[in-house]
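To keep things clear, I will list the structure first and then write my remarks on it.
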Amino acid sequence: MGFLSVPFFKNLSFLSKPAPKKIFLSKDELSKIKEIHLGEDFILVKKGQRYFVFSRRCPHLGCNLNYDPEKEWIVCPCHKSKFTLTGEYIEGPAKRDLKPLPFELNERGLSLEIS
Ligand code: FES
């Protein structure tokens with residue numbers, strides 16, 4: 001029986017979650033960010049000495065969020081949900097705030113994990 005179960009369980013690897021993606025922005029990279037940085041999977045907002053980091057996925061159906069520099073809003077191109085730069089919901093079908101991502105800031109830079 002053992003010889004049958006090993007290949008069977010090897011093929012179930014698609015059920016496991018992918019490893020979290022680790023991102024690091026050096027202090028030099030952070031200093032070049034004026035107010036907002038759109039990463040592939042995250043949005044980083046710099047307000048004075050404070051940082052806000054959010055998933056770039058819209059809380060409605062997961063489209064990639066963008067930045068509207070005229071309005072200074074975070075906007076979803078799919079169904080037009082809008083959020084403040086600190087992640088509060090303004091309007092649209094998302095009906096909730098952006099998901100904050102935990103991050104660590106130290107003298108070397110900012111690191112976060114996206115799962
Ligand atoms: S996916 Fe963003 S508003 Fe629908």
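We count ligands from 1, going down the list as the structure has it; atoms in each ligand are counted the same way.
When distances to atom 2 (Fe) of ligand 1 are checked against a cut-off of 2.8 Å, C58 contributes an N, O or S atom below that limit. Note on C76: counted as a metal contact of atom 2 (Fe) of ligand 1, an N/O/S atom lying under 2.8 Å.
The minimum heavy-atom distance linking F103 with V53 is given by the pair CD2-CG2, 3.5 Å. Here the closest non-hydrogen pair linking Y67 and E72 is OH-CG, 3.7 Å.
We find that E35 and K47 are joined by a salt bridge, their nearest charged nitrogen and carboxylate oxygen being less than 4.0 Å apart.
Side-chain atoms of E29 and S31 form no donor-acceptor pair, as typed in the model, at a separation below 3.5 Å.
Counting heavy atoms closer than 4.0 Å to ligand 1, residue P93 contributes side-chain atoms (C-beta onward) but none from N, CA, C or O.
When rounded to 10 degrees, the angle formed at atom 4 (Fe) of ligand 1 by ND1 (H60) and ND1 (H79) equals 100°.
Each of the following atoms of ligand 1 lies closer than 4.0 Å to a heavy atom of L61: 1 (S). Close approach to C63 involves these atoms of ligand 1, each under 4.0 Å from a residue heavy atom: 1 (S). Remark: ligand 1 atoms within the under-4.0 Å shell around heavy atoms of S81 are 3 (S).
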What verdict does the side chain to side chain contact (heavy atoms under 4.5 Å, CB included) test give for I74 and T84, after you've listed the backbone C-alpha separation in whole Å, the side-chain angles of each residue and the deciding distance to 0.1 Å? CA-CA 6 Å; I74 295 169; T84 67; over 6 Å; no
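Atom NZ of K95 sits about 4.0 Å away from atom OH of Y89, to the nearest 0.5 Å.
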